[in-house]
Novice: 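The structure that follows is given in the form of structure tokens.
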Amino acid sequence: MKDKFGLKGCLAELAVAYKFLKRGYYVSRPLDPSCPFDLVITNKKGKNYLIDVKSISYRRKDKSVITRCLTTLQKQLKVRFYFTNINGLSARQIKNIKNDK
């Protein structure tokens with residue numbers, strides 16, 4: 001069944017937000033629906049990270065992972081991908097984000 005309303009993406013964003021909240025970060029979502037990132041993660045020292053959440057996708061043919069690329073604007077803003085599997089089977093963590101509360 002196709003995901004017509006972005007339910008899978010919404011669940012992925014909420015799951016990632018929950019993970020960061022549990023680790024002691026502040027989490028915000030942008031108001032602009034065309035925003036180039038999905039979450040703003042802030043640690044206790046005030047360091048902000050702009051996160052674009054992606055669900056891990058696999059090719060039907062050989063089950064290999066489909067890779068994604070940041071847009072030019074996302075690169076300028078230093079947005080980071082966070083890949084997650086909403087089924088909870090696996091996750092690839094954000095590079096360079098440490099638990100620095």
Novice: Look at the side chain of Gln74 and the backbone N and O of Thr71, then say whether any donor-acceptor pair between them is shorter than 3.5 Å.
Specialist: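 Pair found, side chain donor or acceptor close to backbone of Thr71.
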
Novice: Evaluate the side-chain contact (heavy atoms from CB on, under 4.5 Å) criterion for residues Val53 and Leu39: first the C-alpha distance (whole Å), next the side-chain angles of each, then the deciding distance (0.1 Å), finally the verdict.
Specialist: CA-CA 8 Å; Val53 176; Leu39 300 171; 3.9 Å; yes

Novice: Which residues satisfy the side chain to side chain contact (heavy atoms under 4.5 Å, CB included) test with Ala15, sequence neighbours excluded?
Specialist: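 Ala15 satisfies side chain to side chain contact (heavy atoms under 4.5 Å, CB included) with no other residue.
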
Novice: Among all residues two or more places apart in sequence or in another chain, which pass the side chain to side chain donor-acceptor pair (under 3.5 Å) test with Asp38?
Specialist: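 Here no residue qualifies.
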
Novice: Checking Lys47 against Tyr49: charged group under 6.0 Å from the ring centre and within 45 degrees of the axis?
Specialist: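 Yes, cation above the ring, under 6.0 Å and within 45°.
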
Novice: Please round to the nearest 0.5 Å and tell me the distance separating atom CZ of Arg23 and atom CD1 of Ile41.
Specialist: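 Here the interatomic distance stands at 9.0 Å.
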
Novice: Decide yes or no on side-chain contact (heavy atoms from CB on, under 4.5 Å) for Tyr58 and Ile66, but give the supporting numbers first.
Specialist: CA-CA 6 Å; Tyr58 301 93; Ile66 298 172; 5.9 Å; no

Novice: Keeping to residues at least two apart or across chains, list the salt bridge (Lys or Arg N to Asp or Glu O under 4.0 Å) pairs with something in residues 24-36.
Specialist: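 Pairs touching residues 24-36 that pass the test: Glu13-Arg29.
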
Novice: Kindly compute the distance separating CG (Leu14) from OG1 (Thr84), expressed to the nearest 0.5 Å.
Specialist: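 Here the interatomic distance stands at 11.5 Å.
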
Novice: What distance do Ile51 atom CD1 and Tyr25 atom OH have between them, rounded to the nearest 0.5 Å?
Specialist: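 OH of Tyr25 is found 9.5 Å from CD1 of Ile51.
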
Novice: Can you list everything that forms a side chain to side chain contact (heavy atoms under 4.5 Å, CB included) with Tyr26? Sequence neighbours excluded, please.
Specialist: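 With neighbours one apart ignored, the set is Thr42, Lys44.
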
Novice: Looking only at heavy atoms, what is the nearest atom pair of Asn43 and Lys45, with distance?
Specialist: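 Scanning both residues, the minimum pair turns out to be OD1-N, 3.0 Å.
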
Novice: Return the set of residues passing side chain to side chain contact (heavy atoms under 4.5 Å, CB included) with Leu31 (not counting sequence neighbours), or none when no residue passes.
Specialist: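 So Leu31 forms no side chain to side chain contact (heavy atoms under 4.5 Å, CB included) with any residue.
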
Novice: List the steps and the verdict of ring-ring contact (aromatic ring centres under 6.0 Å, His included) for Phe37 and Phe81.
Specialist: CA-CA 9 Å; Phe37 50 87; Phe81 279 145; over 10 Å; no

Novice: Could you pull out the closest heavy-atom pair between Leu77 and Pro36, with the gap in Å?
Specialist: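 Looks like CD1-CG, 3.6 Å.
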
Novice: Looking at residues at least two apart in the chain, or sitting in another chain, which of them share a side chain to side chain contact (heavy atoms under 4.5 Å, CB included) with Leu11?
Specialist: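 Checked Leu11 against side chain to side chain contact (heavy atoms under 4.5 Å, CB included); matches are Leu7, Ile86.
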
